[in-house]
There are 2 protein chains.
Amino acid sequence: MRADAKRNYDRIVEVAREVFREQGYDASLDEIAKRAGVGPGTLYRHFPTRDALLDAIMQSWVQRVGEATEKALAHEGSARDLLVAWFEEYVRLISVHKGGPAKITSAMGDPDSPIRTKCQVLTDANAKVVERLRDEGALKDGVETLQVCRLIGGVATVADQSDLDETAVRPMLEVVADGLVSS
Amino acid sequence: MRADAKRNYDRIVEVAREVFREQGYDASLDEIAKRAGVGPGTLYRHFPTRDALLDAIMQSWVQRVGEATEKALAHEGSARDLLVAWFEEYVRLISVHKGGPAKITSAMGDPDSPIRTKCQVLTDANAKVVERLRDEGALKDGVETLQVCRLIGGVATVADQSDLDETAVRPMLEVVADGLVSS
DNA sequence: TGCTAAACGGAGACGGTCTCCGTATCGTGG
DNA sequence: CCACGATACGGAGACCGTCTCCGTTTAGCA
């Protein structure tokens with residue numbers, strides 16, 4: 001990759017991260033190009049689709065997922081509390097910008113999604129947490145890990161679209177956690 | 001209202017219902033106008049915004065909500081089963097077209113939404129079901145009815161966006177129901 | 001330093017939204 | 001029955017975002 005190409009690539013990603021956070025996932029790509037000081041052609045050559053750009057933005061995000069997983073697994077307390085804590089992290093992770101929860105959650109299960117690998121990281125992390133609780137016998141039978149992702153993704157999606165804050169989200173996560181642990 | 005105006009109004013609503021169902025809530029309004037055999041100007045005069053059109057489409061929907069509520073309240077069986085049955089109806093009701101669950105769920109809590117009255121009908125229906133179970137002492141303490149709408153709206157939203165069928169949705173609704181009933 | 005492959009970037013086609021205003025139609029009062 | 005004013009129609013076109021094509025520029029090697 002030529003030096004000028006790399007410079008533009010990096011700058012576009014940086015600007016896009018900022019603009020997506022400000023305006024959501026539907027922000028104008030031409031505007032991102034303009035703010036990055038490049039022509040639209042340059043942006044679309046590096047990132048043929050909006051999703052390709054999102055994928056690049058999420059490169060660094062993978063690490064944050066790993067850290068959050070460690071933190072959740074290290075949690076001391078009941079299975080229910082561990083679940084709630086993990087769910088809160090989960091929601092925070094996928095709320096990268098307006099439209100993020102919906103985007104990421106619907107990309108799960110779609111093997112052709114451009115952000116497939118990123119979703120995989122997250123579903124794997126979730127599976128690790130859930131499997132551990134299952135091994136401890138703390139969960140109901142028949143709990144599918146992908147279902148858990150979708151449930152929490154759903155909560156995060158409505159929270160995103162209705163501008164709910166953490167105090168409104170928590171009770172919903174608690175309901176889901178209660179519905180998962182064996183009674 | 002002049003006779004020709006009413007004719008066009010009705011025809012637009014009818015066509016819009018069809019097109020939204022076929023193509024989702026993001027369908028082109030100019031296309032709807034074209035299919036209805038009117039100019040864009042006519043469509044936008046009757047319905048200044050996309051939401052105004054949605055509101056008109058949902059006029060007849062209110063009745064279906066009423067019927068579904070009756071059906072749910074007449075349910076014989078455990079609180080948990082009643083909840084699951086009602087949730088399934090609820091999901092069906094808000095899945096009027098692609099984008100419907102997200103649209104309707106995010107309109108709840110927004111007092112300025114153009115489909116406010118329609119949402120009110122649904123939230124009231126849900127409250128009726130939930131309150132009845134609460135009176136029977138079948139629910140956990142601290143269950144907010146709006147939270148329930150959001151939880152189920154979330155499930156419906158991911159189902160809509162991931163093209164899940166009923167067999168995939170049901171287990172998630174069961175988790176929520178389990179999380180709500182007192183143990 | 002000269003050359004070529006690589007990258008740039010902007011003009012513009014396209015499709016959707018929405019408005020303005022000249023034209024056509026309804027339906028009423030004479 | 002018909003003329004006229006109010007009402008409604010509808011299409012041309014401005015505007016914006018997406019995305020492409022291709023003439024121009026530049027990096028970096030020999």
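Any value given below was found using the heavy atoms of this structure, including those in side chains, with hydrogens, waters and symmetry copies removed. Just so you know, these numbers come straight off a predicted model, no measurement behind them. So that the names make sense, note that chain A is the first sequence line, chain B the second, and so on, each numbered from 1.
At whole-Å resolution of the value, CG in B:Asp10 and P in D:dA8 are 14 Å apart. As a whole-Å value, the separation of A:Arg7 CZ from D:dT26 P is 11 Å. Rounded to whole Å, atom C1' of D:dC16 lies 10 Å from atom NZ of A:Lys34. The interatomic distance linking B:Leu43 (CG) with D:dA8 (P) rounds to 15 Å, in whole Å. For the pair B:Glu31 CD and C:dG15 P, the interatomic distance rounds to 12 Å; values are reported in whole Å. In this entry the distance linking CG of B:Asp30 with C1' of D:dA14 reads 13 Å, nearest Å. Distance B:Ile12 CD1 to D:dG10 C1': 11 Å, rounded to the nearest Å. Look at CG on B:Asp26: it is 17 Å from P on D:dG17, rounded to the nearest Å.
Of the two residues contacting DNA chain D, namely B:Arg2 and B:Val38, the nearest-nucleotide position lying further toward the 5' end is that of B:Arg2. Remark on DNA chain C: of its neighbouring residues A:Tyr9 and B:Pro40, the 5'-side contact belongs to A:Tyr9, judged by nearest-heavy-atom nucleotide.
Between B:His46 and D:dC9 there is a side-chain N or O to OP1 or OP2 distance below 4.0 Å. Taking side-chain N and O atoms only, B:Ser28 has a distance below 4.0 Å to OP1 or OP2 of C:dT17.
One distance of note links CE of B:Met172 with CG of B:Leu151; it measures 12.0 Å at 0.5 Å rounding.
Look at B:Glu89 and B:Arg92 and you find a salt bridge, because one of the NZ, NE, NH1 or NH2 atoms lies within 4.0 Å of a carboxylate O, short of that distance. A salt bridge is absent between B:Lys71 and B:Glu67: the closest approach of a Lys/Arg side-chain nitrogen to an acidic carboxylate oxygen does not fall below 4.0 angstrom.
Counting only heavy atoms from C-beta on, A:Tyr44 has its side chain closest to D:dC19 among D:dC19, C:dC18, C:dC8. Taking every side-chain heavy atom of B:Asn8 into account, D:dC9 is the closest of D:dC9, C:dG9, C:dG16.
By the 30° and 60° cut-offs, the orientation of the rings of B:His97 relative to B:Tyr25 is parallel.
The closest side-chain donor-acceptor pair between A:Thr167 and A:Asp165 falls under 3.5 angstrom.
Note on B:Arg50: only backbone sugar-phosphate atoms sit closer than 4.0 angstrom, heavy atoms only; bases stay farther off. Using a 4.0 Å heavy-atom distance criterion, B:Asp4 is classed as a sugar-phosphate-only contact. Residue A:Ala36 is out of contact with every strand shown, counting any heavy-atom pair closer than 4.0 Å. Nucleic acid contact class of B:Thr42 (heavy atoms, under 4.0 Å, all strands): base.
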